[in-house]
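Input: a single structure, listed below in C-alpha cells.
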Amino acid sequence: MQDRIRIRSLSEHVGAEVVLCGWVRQRRSSGAKLHFLQVSDGTAGVQVVVKKGNVPDEQLEAARYVPFESTVVVRGTVKEDARQVGGVEVSATEFEVMSAAAEDFPIGRKEHGVGFLMDNRHLWLRSSRPRAAMRIRAEVIRACRDYLDEGGFTCVDAPIFNSSAAEGTATLFPVGYFDQTIYLSQTGQLHMEAAAQALGDVYCFGPTFRAEKSKTRRHLTEFWMLEPEMAFADLDEDMDVMEGMIGRVVERVLERCGPELDVLERDRAILERCLPPYPRISYTEALERLEGTDASIPWGEDFGAPQEDAVSAMFEKPVLVHRFPTAIKAFYMKPDPEQPEVVLGCDMIAPEGYGEIIGGGERSADLAYLERKIEEEGLPKEPYEWYLDLRRYGANPTAGFGMGLERVVAWMGDLGHVREAAPFARTMARTSP
Ligand code: 4AD
Ligand code: MG
C-alpha cells in the first residue's frame, strides 16, 4: 500500500484520484444504487460515496452489505465538500473489501458499562473517546519532553528490575529473578540521583509499579512516571520546574488538542484558569485552612483524597503543598533545617478531584542521617549501599520530582478515572487485554 494516502491529508489532494485504506465505521444507503460509508484509517475519517455506474456492480453490492469494522481499500476521486468533516469526500471508482469483519462487533452505539468496555479495551480503543484520550496523552508526553529537553535536561532512563524499595516496602511487586526475588521499580528517582551527579539535570520517563490495594479512580498498579532530578537545586527551584512543566502541558493541550477536548466535552475555561503561577502553601497552613471542615485532620496525619480535594477546591488551579511531616514521608527526603519535623518535599495537587499529580522535593545529602533512616524504617542496608555511595563521593544538594502521567492526562481530559488515561490500564483487578 505504498501509494495510499492517509485520510488526514486527503484535503491536499482535491481533484486527484487516490487510494485509501481503512475500517468501515458507519454505513447508510439511499436505495440499492447509492451507499455512503464512513471510513477511518486512524488518522481521520472520510465519507466514501459508492454509486452505481462508478464501480462494478459486485463492488456496489459489497458496499451495500459490508459489516462495520471491515477493512476496505478504496480508489476514488477526492471532492471538496464543505459539509463534511475535513472538507472532502471520496467518490469511489473501486471498492474492495480486504477483510470482512464478523457481524457481531461488540461495541455498538448503545451505552455499555465500563466493565464491559474495559474487557473489550482492544476494540473500545477505536472509539472516539479513547482515541481523543490517547492523543492527549501523546501531547502531554511531548510537552513534558520538550519542556525538559529545551531546558537542557538529559534523558537517562532508569531500570525496571530492582533489588530495593524506594517508596516503602508495602507496595512492592516481587518478581522471581533466576533464584532470587527482586522487585519491579516503584520510581526511577534513586538512579536519577546517580545520573544527576554525572550529568547535572536529568530525567527518566518510564513505567513504574505499585502493588497498591486501592480501587480508586486515581490508582493503577502500572503507570508511567516522568522524573526530573537536578543537582544543586533546592525546593524552590524544584517547585519552579514543577510549575513550569505543568504550565507547558496545559498550554499545549489547549493549543494543540482542540478537537480532542471537543470530543471529550472538556470545559476549556477550566483549563485556561490553570496556567501558572500556582499557589504554594505548607502542609501546616493547609491544615489550618481545613480546620472546622469535614476534611480536618490532626497535625502529622497524611493527606488522603478528602484533604486533597478540599485543598484543591480552595483554588481553581493546581496547588503546591510543601513541608509535610517527616514521619509520613520517604526516607530520602531532607528535613527542613529550620523545623526538622517537616521535610523539604512538595506535592502538586490537581483541581477537580484529580488528586496528587506530582510528588517530589529535596533529597538529604547527609550520609549519617540516611543511614539512620534506613535503619529506623527497618530496611536492609546492603541494597542501599550504592545509593549511600552518592553521599560518600561528592554529596550535593539535589532535588527532583515524579509526575504521574495518567493522573495528568485524566485531569486534562476530565476523564473521571485514570484507567481511561492508559491505553491498557493495569489495576488490582485487571491485567488483560
Ligand atoms: O509521590 P510518589 O510516590 O513519588 C515518588 O515516587 C518519587 N520518588 C518521585 C520523585 O521524586 N522522583 O509518586 C509520584 C507520582 C504521584 O504524585 C502520582 O501522580 C503518581 O506518581 N502515582 C500514581 N499514579 C497512578 N497510580 C498509582 N498507584 C500512583 N502512585 C503514584
Ligand atoms: Mg506522593
Tyr387 and Glu193: CA distance, side-chain angles, deciding distance, side chain to side chain donor-acceptor pair (under 3.5 Å) verdict:
CA-CA 8 Å; Tyr387 182 67; Glu193 289 186 45; 2.8 Å; yes

Atom pair [atom1] ([X]) and [atom2] ([Y]), whose distance is rounded to the nearest 0.5 Å:
{"X": "Glu243", "Y": "Tyr278", "atom1": "CD", "atom2": "OH", "result": "6.5 Å"}
{"X": "Lys317", "Y": "Ile349", "atom1": "NZ", "atom2": "CD1", "result": "15.5 Å"}
{"X": "Gln307", "Y": "Ser312", "atom1": "CD", "atom2": "OG", "result": "11.5 Å"}
{"X": "Arg145", "Y": "Glu150", "atom1": "CZ", "atom2": "CD", "result": "13.5 Å"}
{"X": "Arg280", "Y": "Glu285", "atom1": "CZ", "atom2": "CD", "result": "12.5 Å"}
{"X": "Thr208", "Y": "Ile160", "atom1": "OG1", "atom2": "CD1", "result": "8.0 Å"}

Any side-chain donor paired with an acceptor under 3.5 Å for [X] and [Y]?
{"X": "Thr187", "Y": "Glu227", "result": "yes"}
{"X": "Glu89", "Y": "Gln47", "result": "yes"}
{"X": "Tyr393", "Y": "Gln197", "result": "no"}
{"X": "Asp366", "Y": "Ser364", "result": "no"}
{"X": "Thr398", "Y": "Glu229", "result": "yes"}

Arg129 vs Leu415, test: side-chain contact (heavy atoms from CB on, under 4.5 Å). Steps then yes/no.
CA-CA 9 Å; Arg129 185 180 161 87; Leu415 300 176; 4.0 Å; yes

Electrostatic pair Asp146-Arg248, nearest N-O below 4.0 angstrom
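Looking at Arg248 together with Asp146, the answer is no, because their closest N to O distance does not fall below 4.0 Å.
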
Does atom [atom1] of [X] have more than 12 heavy-atom neighbours from other groups under 6.0 Å away?
{"X": "Glu255", "atom1": "CD", "answer": "yes"}
{"X": "Glu377", "atom1": "CD", "answer": "yes"}
{"X": "Glu376", "atom1": "CD", "answer": "yes"}

Can you confirm whether or not the ring centre of Trp299 sits under 6.0 Å from the ring centre of Tyr283?
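Yes, the ring of Trp299 comes within the 6.0 Å limit of the ring of Tyr283, centre to centre.
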
Under 6.0 Å between the ring centres of Phe324 and Phe303?
yes

Under 4.5 Å between any side-chain heavy atoms of [X] and [Y], yes or no?
{"X": "Ile107", "Y": "Ser127", "value": "yes"}
{"X": "Asn162", "Y": "Ile182", "value": "no"}
{"X": "Glu341", "Y": "Pro325", "value": "no"}
{"X": "Val156", "Y": "Met192", "value": "yes"}
{"X": "Arg27", "Y": "Phe36", "value": "no"}
{"X": "Val90", "Y": "Val88", "value": "no"}
{"X": "Asp347", "Y": "Ile358", "value": "no"}
{"X": "Val175", "Y": "Leu184", "value": "yes"}

Could you tell me whether a side-chain N or O of [X] sits under 3.5 Å from a main-chain N or O of [Y], the two making a donor and an acceptor?
{"X": "Arg217", "Y": "Gly353", "answer": "yes"}
{"X": "Ser214", "Y": "Thr216", "answer": "no"}
{"X": "Arg25", "Y": "Phe68", "answer": "no"}
{"X": "Asn120", "Y": "Leu123", "answer": "no"}
{"X": "Arg6", "Y": "Arg8", "answer": "no"}
{"X": "Arg131", "Y": "Arg126", "answer": "yes"}
{"X": "Gln26", "Y": "Gln38", "answer": "no"}
{"X": "Arg363", "Y": "Pro397", "answer": "no"}
{"X": "Tyr384", "Y": "Ala165", "answer": "yes"}
{"X": "Glu362", "Y": "Leu235", "answer": "yes"}

Pair listing, ring-ring contact (aromatic ring centres under 6.0 Å, His included) test, anchored in residues 140-169, at least two apart:
Phe161-Tyr177

Kindly state each residue pair satisfying ring-ring contact (aromatic ring centres under 6.0 Å, His included) with at least one member in residues 212-246, sequence neighbours excluded.
Phe205-Trp224

Taking Arg137 as the fixed residue, which of Glu406, Glu420, Glu260 is the one that meets the side-chain hydrogen bond (donor to acceptor under 3.5 Å, both in side chains) rule?
Glu406

Could you check Cys274 against Trp411 for side-chain contact (heavy atoms from CB on, under 4.5 Å), going step by step and ending with a plain yes or no?
CA-CA 11 Å; Cys274 290; Trp411 164 46; 3.8 Å; yes

Checking Asp414 against Arg268 for the salt bridge (charged side-chain N to carboxylate O under 4.0 Å, His left out) test, could you report, in this order, the C-alpha distance in whole Å, the side-chain angles of both residues, the deciding distance, and whether it holds?
CA-CA 10 Å; Asp414 195 16; Arg268 261 170 244 227; over 6 Å; no

Shortest non-hydrogen contact from [X] toward [Y]:
{"X": "Val39", "Y": "Ile7", "answer": "O-CD1, 3.6 Å"}
{"X": "Ser282", "Y": "Val321", "answer": "C-CG1, 4.1 Å"}
{"X": "Ala286", "Y": "Ile281", "answer": "CB-CD1, 3.7 Å"}
{"X": "Ala158", "Y": "Gly188", "answer": "CB-CA, 3.7 Å"}

Quick one: do Arg142 and Glu139 satisfy salt bridge (charged side-chain N to carboxylate O under 4.0 Å, His left out)? Show the steps, please.
CA-CA 5 Å; Arg142 199 150 39 221; Glu139 195 53 55; 2.8 Å; yes

Can you check salt bridge (charged side-chain N to carboxylate O under 4.0 Å, His left out) on Glu371 and Arg392, steps first, answer last?
CA-CA 12 Å; Glu371 283 176 328; Arg392 294 184 183 112; 3.7 Å; yes

Any chance you could lay out the side-chain contact (heavy atoms from CB on, under 4.5 Å) test for Val249 and Cys144, step after step, and finish with the verdict?
CA-CA 7 Å; Val249 166; Cys144 291; 3.6 Å; yes

Would you please test Asp149 and Tyr203 for side chain to side chain donor-acceptor pair (under 3.5 Å) and show each step?
CA-CA 9 Å; Asp149 292 344; Tyr203 69 95; 2.7 Å; yes

Just do the side-chain contact (heavy atoms from CB on, under 4.5 Å) check on Val140 and Met412 with the steps written out, would you?
CA-CA 9 Å; Val140 170; Met412 286 294 107; 4.2 Å; yes

Among Met245, Met242, Met225, exactly one meets side chain to side chain contact (heavy atoms under 4.5 Å, CB included) together with Met403. Which residue is that?
Met245

